[in-house]
Amino acid sequence: MRSTQLRFPTLILALVAAATVAGPARAQSPADRAQLESFRDSLIGISDSINLLRLERRMIDLAKADRNNTVQHLKLGFVSLRLGELGGRPHYDDAASEFQWSIDLKPDWPYPWYGMGLAEYGVGDSEVSIVAGIATMLGKDALTRSAMAFAKSAAVDPSFANGLVELANTALRQRVNIKLNVALDALRRSGGTPAGQNPEVQLARGRVEREVGDVDSALAAFRGYAAKGNNRGLGLLEVARTELIMGRGDGPGHYYEGAAIDDSTSVADYRRDLALIASDSALKAFDDASGPARVEVLRRFWNIRDASDLQPPGARLAEHYRRLSYARRNFFLATTNRHYDIVERYRSGNRDYDDRGIIYIRHGAPNARASFVAPNVESNESWRYTRADGDLIFHFVAREDVQDYKLVESVLDVLGFTNTVNIQDQDSSSSALSATVQDLLHSREALSPMYSQLQRVGRASAGRYQNEERRIGRESMRRGTSTDSYELSFARSITANAEVMAVGHEHGDGLLHITYAVAGSSLDPVKVARGNLYTVRVRLAAFDSNGKVVATLDTTRRVVAAQPVPSGEHLVGRVSLAVPPGELNYRLAIQTSADAGAVLPLDKVRVISVGADQPRLSDVVLGSRRVPATWIPEMGDTVFFNPLRTFTRGEEMQLYYEVAGLTAGGTYTTEVAVRKGKGGGGFFKKIFGGGGAAIAAKFDEPVAAPTASLHRTIILDKLQPGAYTLEVTITDGQGRSDKRMERFDVTK
């Protein structure tokens, strides 16, 4: 039977009345509930709408004959809900009418309110965006109506588990008018009832408790669900999410334990969390794996990130969930209807987070933020991430929807497409360039010097600077939306030089030598009985061409000096580690205290193999006997390093390099040349051992073995101060060659 009365006023009045109810009424008998649940279960298996329509007509006749039978109206409402689920949206209105009839008959039963909540969610909002927006502002959107109906079901009966679960889920889905406190109050009131121990209620309560910030209560609820619920994998994931947000060390263990369970619900949740930063290939690897293999995929995914960012094991995983929690609170979209301007070229496709959230989840908190507020200027923000490989700068603007910030290439795009085009024809010294543009650029000066330059350049240079600013923004957008990072950061930057050289071998692997020189001005010694204690921590990660971590180093060196290192001098040291042959990328960080250090740009090194089938030349070490950084490859042999790459005029440069891939019994030629660095010219005589050609020294040597280790000495007394490049070339008897180049400086 269909009611034509308006349901919303009745619902609102009933909710107001519910607030004055002294205690829960439990007039609905267990037999009625069991009958309704059995009936609902039977409907789930019906997918033929024709049969359901026939059932609906018969039940309408029964309801007309017995108009005050609440259970009959409830059943009819659930039939209409099922028809709505199968694609007949108008049936949700029919369902709401039946549940409203039931509410009028039995306002103290939980099921009528529960059914109304389901129906309101199915009815949804107006397809006219303006109407939907007004409804949302007035608190009459579908989710709000649904949440209030579920809240009423819990109010009339705190032991009604279905209503509690749906109330929590609906509140968590809401983007505006969020009813988390309503849900939390209902869930906490249920604690003394049998529903409070229901695993599904515990799961729902845990999610709401975590959302409002009570992570201890959330953790207790999730543990209860993991122990008794139907989906242990999901329970363990929720436990892990909460522990990782809290910074608990057992979070990774529960995360991987849950990942091993092949349950479609929990696997989908794992994948959803991963997809926010993972590449298509990483997601495919996840999809193709199951059980323990899925765990290994996830371990490899997170371990690579820990190593590449020089973080301790498990750090990146925990940071990911902290970022997700922050992004949900600060960058969650109020609506899924997103519209784009012509200058907003990036399309994330994400329906949960605005573009600030996408960048935050991938890269964390920015090092600097800036915004500009002026009449007729859309809401805007710019972020800078300080990176060893080059800073990333992002610009966001919110048009139409003040909560939906989108990425744009240039800060000038904040002013809109037409204004951006007009600006390109003006120079910053012209009065035609509006004060608004000047103020906008001024607001970004703390992010980069280029914004000061853009304010000063004339018309001849304006286009070039604007194009460069846009190029930087475009490249930042590309890197920012296709990579993720958790780069080490230090409160204080230190002045340090370091070089990574591949020479020597150990058990078939190559050796990387990391030498460093930290300026005395960057050092803070600790006074000890023997003098001044200096601590230097060196972290390095090396990767092959596929991004696989092939070697890591995390070591701390301690040095005690009788006197403090003067500010103009350096603390020098060397460490080494074994790596496989090949072309490797590496990341290096030098740290001198808990808050002081430096991360060096990503770089690469070539490690030669002793079994090379053609001539291969190792790195060429440019060393100095006055620098206390040495390596003894074998007894009686010493290799000298110089991480500063600076030599005084007149000293002897100590060269060391290795050659592999030679043909025993033949000969090979070595050519060594020094050339003035960029900006200079000329050649220098007598720089090799007191004699030699003006440009180069040449050596023809027999091959005693396929590999050779060689020392050379270069006397620098004929070089004027400046920058130079040393070239070493080897050529075998078949004309095959290899060359290395190293830069250095000469001072007085």
Side-chain angles (χ1 to χ4, degrees), residues 310 386 388 487-501 503 511-541 553-577 586-601 603 605 619 621-633 638-656 714 716 719 721-724 742-748:
L310 303 176
T386 303
E487 188 162 299
L488 284 176
S489 61
F490 302 99
R492 288 192 300 122
S493 297
I494 64 172
T495 301
N497 290 73
E499 65 176 9
V500 177
M501 309 296 288
V503 290
L511 283 178
L512 282 189
H513 301 269
I514 302 101
T515 56
Y516 56 85
V518 182
S521 58
S522 295
L523 296 169
D524 293 316
V526 176
K527 293 292 184 180
V528 295
R530 295 167 52 199
N532 301 274
L533 174 64
Y534 294 96
T535 301
V536 178
R537 183 179 180 182
V538 180
R539 279 178 275 189
L540 180 141
L553 174 73
D554 187 348
T555 185
T556 300
R557 295 300 173 93
R558 295 175 175 83
V559 178
V560 177
Q563 299 296 326
V565 177
S567 60
E569 297 186 12
H570 296 80
L571 179 66
V572 179
R574 182 195 68 85
V575 295
S576 63
L577 78 160
Y586 67 86
R587 171 75 76 186
L588 174 66
I590 308 292
Q591 186 175 352
T592 57
S593 66
D595 66 343
V599 179
L600 280 68
D603 209 340
V605 64
D619 282 331
V621 179
L622 313 185
S624 172
R625 291 183 180 274
R626 62 183 172 81
V627 178
T630 60
W631 168 53
I632 301 176
T638 301
V639 176
F640 297 90
F641 293 85
N642 182 2
L644 291 170
R645 294 291 184 97
T646 301
F647 299 84
T648 59
R649 186 180 181 189
E651 78 169 299
E652 295 182 346
M653 176 189 289
Q654 306 298 316
L655 295 189
Y656 176 81
I714 301 179
L716 304 177
L719 295 183
Y724 296 88
E742 302 290 350
R743 296 185 178 278
F744 67 96
D745 294 308
V746 175
T747 62
K748 295 181 179 179

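Everything quoted here is computed from the prediction, not taken from an experiment.
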Beyond-backbone contact of R492 with D524, side-chain heavy atoms, under 4.5 angstrom: yes
Approximate separation, where rounding is to 0.5 Å, of T515 OG1 and N642 CG: 8.0 Å
Mutual orientation of the aromatic rings belonging to F744 and Y724 [parallel < 30°, tilted 30-60°, perpendicular > 60°]: parallel
Minimum-distance pair of heavy atoms, taken over all atoms of E487 and A388: OE2-N, 3.2 Å
Sub-4.5 Å side-chain heavy-atom contact between V560 and V528: yes
Short side-chain to backbone donor-acceptor contact, R649 and L716, under 3.5 Å: no
Side-chain heavy-atom pair T648, K748 within 4.5 angstrom cut-off: no
Over all atoms of both residues, closest heavy-atom pair of N497 and P643: CB-O, 3.7 Å
side-chain hydrogen bond (donor to acceptor under 3.5 Å, both in side chains) contacts in which one or both residues fall within residues 591-600, not counting sequence neighbours: R539-Q591, S593-D595
Inter-residue atom distance I714.CD1 - Q654.CD, 0.5 Å rounding: 9.5 Å
Rounded distance (nearest 0.5 Å) linking atom OG1 of T646 with atom CG of L622: 11.0 Å
Between OG1 on residue T495 and CG on residue L523, distance to nearest 0.5 Å: 10.0 Å
Closest non-hydrogen atom pair, S624 against R626: OG-CG, 2.9 Å
Minimal non-hydrogen separation, L588 against A498, with atom names: CD2-CB, 3.7 Å
Of L553, I514, V500, the residue whose pairing with Y586 passes side chain to side chain contact (heavy atoms under 4.5 Å, CB included): V500
Approximate separation, where rounding is to 0.5 Å, of L644 CG and D745 CG: 10.0 Å
Ring pair (Phe, Tyr, Trp, His ring centres under 6.0 Å) partners for Y516, two or more places apart: none
Straight-line distance of D554 CG to L540 CG, nearest 0.5 Å: 10.5 Å
Student check: side-chain heavy atoms of R574 and T630 closer than 4.5 Å: no
Sidechain N-carboxylate O distance under 4.0 Å for R645, E742: yes
Exam field: side chain E569 to backbone P566, donor-acceptor pair closer than 3.5 Å: no
Full working for side chain to side chain contact (heavy atoms under 4.5 Å, CB included) between V518 and I590: CA-CA 9 Å; V518 182; I590 308 292; 4.1 Å; yes
Check: V559 and V536 side chains under 4.5 Å, non-hydrogen atoms: no
Minimum-distance pair of heavy atoms, taken over all atoms of L571 and V565: N-CG1, 4.3 Å
G623 versus F647, closest heavy-atom pair with distance: O-CE2, 3.3 Å
V621 and F641: CA distance, side-chain angles, deciding distance, side chain to side chain contact (heavy atoms under 4.5 Å, CB included) verdict: CA-CA 6 Å; V621 179; F641 293 85; 3.6 Å; yes
